[in-house]
Structures are given as C-alpha cells and as structure tokens.
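I have placed the structure first, in the form of structure tokens, so that the comments after it can refer back to it.
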Amino acid sequence: MSNNSLSPVSATKRYVLLDALRGFAVLGICLANYPEFSLYTFQSEETMANMPTAEADNVLKWLMYIFIDGKFYTLFSLLFGIGFSIILSNALAKGSNGLKVFYRRMSVLIAIGFVHIAFIWSGDILMLYALLGMLLPLFRNSSDKSILTIAAIMLLMPVVVDSLCAAFGISLSAPAVRAQWYYCDKYGITEENFGYWLRDADSYKEVFQFLVQGAMVRIQEFVDGNRYFKVFGLFLIGYYIGRNKLYANINEHRQRIKKVMLYAATPAIPLSIAYAWSGMNGKPFGTPIHTLLYTLSIYPMGIVYLSGFSLLFMKHEHSIVWKLLAAPGRMALTNYIFQSVFGMFIFYGIGFGVGTHFGLIETEATAIAVYIVQMAVSMIWLHSLRFGPMEWIWRILTYGKLFRLRK
C-alpha cells in the first residue's frame with residue numbers, strides 16, 4: 001500500500017462530542033496557563049498582596065486549585081489518548097504502512113512542540129505528548145485489563161517516587177536546575193528581575209534568552225512533577241476508551257457513565273479541597289502527601305468532567321453549545337499554539353507589556369476573552385475551510401501530500 005493511499009479521518013467521520021470536549025479542554029488549558037503568561041505566577045507573595053484585586057485573587061486561587069489545576073490537563077491527556085487510539089486504529093486498518101504513518105505523525109508533532117517551546121513559550125506539552133504517544137503501539141495487542149492495570153501503576157508512581165526522594169534526600173531535577181541557572185547567569189537573569197524580565201523585554205532577543213532558561217525549568221517541572229508517569233497513565237486510559245469506542249455509542253453506556261461519575265465525584269470533591277488547602281499553605285505535610293492528594297483528587301475530578309460532560313451532551317444533544325465548543329476543538333492544536341502567541345504579545349514587553357500589572361482576576365478575564373475570540377475565529381474559519389492552519393500543516397507533513405484546504 002502506498003503512502004498516498006493513506007489519509008486522515010474525514011469530517012463526516014468526526015464525533016461532535018470529542019470535538020466539544022477538546023474545545024472545553026482548550027478553554028481550561030488557557031485558564032490554567034495564563035497566570036504564567038501574565039507573570040502573576042512569578043511575583044512574590046508581597047507583590048500579590050499589594051495588588052488592588054488581592055482579596056478576590058485569593059478566592060479565585062482557591063477555586064482554581066479545586067476546579068482547574070491539573071483537571072484540564074488530565075482531560076486533555078485523556079482526549080489525546082482517545083485521539084491516538086483513533087489515529088492508530090485507522091493507520092493499522094490501512095495496512096503495513098499504517099504504523100509508519102503513525103510514527104511520522106508523532107515525529108511532526110515533536111517538531112511542532114520543539115518550535116513552540118524554543119521560540120514561543122517554555123510551557124509546551126506537545127513534545128512530551130508525542131514522545132509518549134509513540135509508546136502506545138506497544139499496547140495494541142494488550143488486553144483491556146492489562147492496559148488499565150498499567151495505567152493505574154503509572155498514575156501511582158509519582159507518590160512512590162516522591163516518597164523515595166524525600167526519604168533519601170534526593171533531587172532528581174538538580175541537573176536541570178543547574179542548567180537553568182547557568183543560562184540565567186549567562187544572560188543576566190536574576191532572582192530579583194526574574195518576575196519582570198519578560199515585561200521589560202523590548203526585543204525578541206531578550207524573550208528568547210528567557211525561553212532558553214525556561215526550557216530547563218520545563219524539564220525540572222516534568223521531573224519534579226513526574227509528568228511522564230502521569231501523562232502516560234492517562235494516555236492508556238484514553239487509549240482504552242478509544243479502542244473500545246465508548247464515545248461512539250454513549251447512549252448505550254448512560255448508566256455506566258453515571259456510575260463512573262458518582263464513584264469519581266465521591267473522593268474528588270472533598271480531596272480537591274484538601275489538595276487546595278495543601279497547595280495554598282505550602283505543602284505543610286510534605287511533598288509525598290501533597291502528591292497523594294493530587295493523585296486522589298485530580299484524576300477523579302478529570303473523570304467527573306469527562307463523564308459529566310458526556311451526560312449533558314446526551315441530555316441536550318442538539319444544543320448550540322456543542323457546536324460552539326466543537327469549533328475550537330476541531331482546531332485544538334492551532335488554538336493551543338496561538339494562545340501562547342496571544343499571551344506573548346498581550347503581556348510581554350515586545351507587545352502591550354501589561355504583564356505584572358494584572359492580578360489573577362484580570363488575568364483569567366483576559367484568558368476568557370482570548371478564548372471567545374478563538375471560538376469566533378474557529379467558527380468563521382471552519383465555515384469554508386476543512387482544517388485549522390496548524391492541523392493542515394500537520395497533515396501535509398505527515399502524509400507527504402497537499403490536502404485541499406477549502407471545502
């Protein structure tokens with residue numbers, strides 16, 4: 001079978017539920033990421049306390065810990081796992097070249113992620129997603145029980161790793177931290193100007209210097225957060241959902257979905273509050289307990305979002321809300337990248353330079369405004385065009401042929 005006989009899923013085969021879920025996840029990712037773009041995350045407690053919106057910001061910070069922090073990244077990872085299962089099943093159905101196309105697709109995503117992390121924003125997740133996605137074909141012949149068992153082990157591994165590191169006084173991310181401060185010293189980035197560097201940057205050269213050390217910080221975050229275990233565990237759960245096509249006939253699984261939501265919500269809600277308290281108070285019981293609270297609250301809440309969203313979809317299947325969310329969801333890669341571009345020009349000195357001037361309330365209001373713009377642009381774009389611009393490029397580079405963009 002030639003490569004030219006292979007092609008992506010057509011628009012008629014798409015599922016509105018999955019696109020709407022992606023659109024919902026893109027909103028959550030924007031809300032989660034913009035406090036870093038606005039440089040609010042980098043400010044001292046004293047600076048935050050002196051902001052005009054300090055009291056409201058503190059309340060919102062609690063709410064973000066409970067309802068946003070980690071939840072949408074969990075949902076996004078589950079959806080990537082489902083998406084990978086669809087890509088992989090379609091590739092395998094098309095013959096011996098199927099796996100080659102899958103790995104090429106992941107390789108292109110790595111390249112997109114590299115450009116994102118190197119030149120736009122150091123908080124990229126695409127490279128990690130693509131690298132871990134390459135492991136999924138290894139499980140194509142595994143039983144559902146094996147997949148779910150390994151997923152559970154992966155999600156529990158951070159608790160084990162953090163406990164061992166605390167017991168033996170080990171810092172696995174120490175090399176990344178040393179590399180970060182090497183570049184900070186090289187470019188003159190200090191603890192004093194760290195929170196203001198990007199706001200005061202009047203050239204892209206200074207932004208790029210911050211991105212270099214930021215890439216080291218990202219590695220530190222992946223290591224300290226055991227992100228590879230978490231993401232791969234969620235990928236496997238998403239792969240299980242996708243492989244069994246549970247999204248295709250959700251009405252048949254209505255009662256099962258209700259039970260899953262109930263079982264997940266029971267620990268998720270109270271433990272999310274406990275996790276928020278731990279985070280707001282500097283992890284008073286140590287990192288291993290904080291990680292345990294994360295594990296027992298974040299993942300169940302992500303499942304609550306997934307199942308609750310599905311139940312609402314079944315109840316109001318013809319609501320315009322799903323079309324509104326599906327549009328940015330169909331262009332999830334484009335919107336994810338351009339959220340970073342917008343953030344750069346809104347908050348950094350090379351743009352409007354409002355970073356450090358916004359409290360958390362104003363930051364999240366900006367994130368919502370950006371998402372509304374993206375929703376409108378996505379709907380207009382997809383009215384006459386088949387793919388988002390980044391999705392189009394991704395397909396061209398994956399399949400090695402030019403796809404017609406206009407409908």
Side-chain angles (χ1 to χ4, degrees), residues 1-10 12-15 17-19 21-22 25 73-113 125-157 226-250 252-253 256-257 260 299 302-303 306-307 310 332-333 391 394-395 397-401:
M1 181 178 290
S2 67
N3 286 345
N4 287 336
S5 66
L6 298 172
S7 59
V9 176
S10 65
T12 57
K13 295 180 181 178
R14 299 189 69 96
Y15 291 90
L17 173 61
L18 293 183
D19 287 332
L21 275 165
R22 288 191 191 96
Y73 133 72
T74 295
L75 181 59
F76 212 49
S77 299
L78 289 170
L79 288 168
F80 256 84
I82 294 172
F84 285 159
S85 76
I86 296 172
I87 294 168
L88 185 57
S89 64
N90 289 334
L92 292 173
K94 292 172 181 175
S96 59
N97 284 328
L99 275 180
K100 293 180 181 178
V101 171
F102 177 80
Y103 284 120
R104 192 158 63 241
R105 189 174 177 86
M106 295 302 100
S107 298
V108 174
L109 189 60
I110 289 173
I112 293 172
I125 195 69
L126 298 176
M127 288 185 69
L128 181 66
Y129 275 13
L131 287 168
L132 294 176
M134 287 183 168
L135 299 176
L136 286 178
L138 300 176
F139 296 86
R140 64 187 184 278
N141 297 320
S142 300
S143 67
D144 289 344
K145 182 178 179 181
S146 296
I147 289 174
L148 293 178
T149 299
I150 296 172
I153 292 172
M154 291 292 103
L155 295 180
L156 289 171
M157 277 300 294
N226 299 287
R227 189 68 67 90
Y228 26 81
F229 292 125
K230 297 174 181 178
V231 168
F232 192 63
L234 294 168
F235 275 5
L236 287 174
I237 295 175
Y239 182 69
Y240 162 80
I241 294 172
R243 185 168 84 165
N244 289 280
K245 291 183 167 46
L246 300 181
Y247 56 85
N249 300 299
I250 58 171
E252 296 178 8
H253 304 286
R256 184 180 180 184
I257 293 172
V260 168
Y299 306 136
I303 296 297
L306 181 64
S307 54
S310 300
L333 178 60
E391 287 76 11
W394 192 10
R395 281 164 170 77
L397 295 178
T398 296
Y399 295 97
K401 60 182 180 181

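In this chain, residues are counted from 1 in sequence order. Not measured: the values here are computed from a predicted model.
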Do R105 and Y399 meet the cation-pi criteria used here (NZ or CZ under 6.0 Å from the six-membered ring centre, within 45° of the axis)?
no

Give the intermediate values and the outcome of ring pair (Phe, Tyr, Trp, His ring centres under 6.0 Å) for residues Y228 and F232.
CA-CA 6 Å; Y228 26 81; F232 192 63; over 10 Å; no

Would a 4.5 Å heavy-atom cut-off, applied to side chains only, mark [X] and [Y] as touching?
{"X": "S89", "Y": "R140", "value": "no"}
{"X": "Y240", "Y": "L246", "value": "yes"}
{"X": "L148", "Y": "L236", "value": "no"}
{"X": "V231", "Y": "Y73", "value": "yes"}
{"X": "Y129", "Y": "I110", "value": "no"}
{"X": "L88", "Y": "L99", "value": "yes"}
{"X": "I150", "Y": "F139", "value": "yes"}
{"X": "L306", "Y": "T74", "value": "no"}

Does the T398 side chain pair with the main chain of R395, one donor and one acceptor, at a distance under 3.5 Å?
no

Sub-3.5 Å donor-acceptor pair from the side chain of S146 to the main-chain atoms of S142, do we have one?
no

CA sep, side-chain torsions, deciding dist, call: I303, L78, side-chain contact (heavy atoms from CB on, under 4.5 Å):
CA-CA 9 Å; I303 296 297; L78 289 170; 4.0 Å; yes

CA sep, side-chain torsions, deciding dist, call: Y239, F84, ring pair (Phe, Tyr, Trp, His ring centres under 6.0 Å):
CA-CA 7 Å; Y239 182 69; F84 285 159; 9.4 Å; no

Closest non-hydrogen atom pair between [X] and [Y], with its separation:
{"X": "I250", "Y": "S310", "result": "CD1-O, 4.0 Å"}
{"X": "P137", "Y": "F102", "result": "CG-CE2, 3.5 Å"}
{"X": "I82", "Y": "G238", "result": "CG1-O, 3.3 Å"}
{"X": "Y299", "Y": "K230", "result": "OH-CG, 2.9 Å"}
{"X": "S85", "Y": "G242", "result": "OG-CA, 3.1 Å"}
{"X": "S77", "Y": "F235", "result": "O-CD1, 3.3 Å"}

Criterion side-chain contact (heavy atoms from CB on, under 4.5 Å) on I237 and L155, from CA distance to verdict
CA-CA 10 Å; I237 295 175; L155 295 180; 3.9 Å; yes

Distance, nearest 0.5 Å, that separates [atom1] of [X] from [atom2] of [Y]:
{"X": "I257", "Y": "E252", "atom1": "CD1", "atom2": "CD", "answer": "10.5 Å"}
{"X": "L132", "Y": "M127", "atom1": "CG", "atom2": "CE", "answer": "11.5 Å"}
{"X": "L397", "Y": "I112", "atom1": "CG", "atom2": "CD1", "answer": "7.0 Å"}

Kindly state each residue pair satisfying salt bridge (charged side-chain N to carboxylate O under 4.0 Å, His left out) with at least one member in residues 233-245, sequence neighbours excluded.
D144-R243

Look at the aromatic rings of Y15 and Y247 and report parallel, tilted or perpendicular, splitting at 30° and 60°.
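Plane angle over 60°, so perpendicular.
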
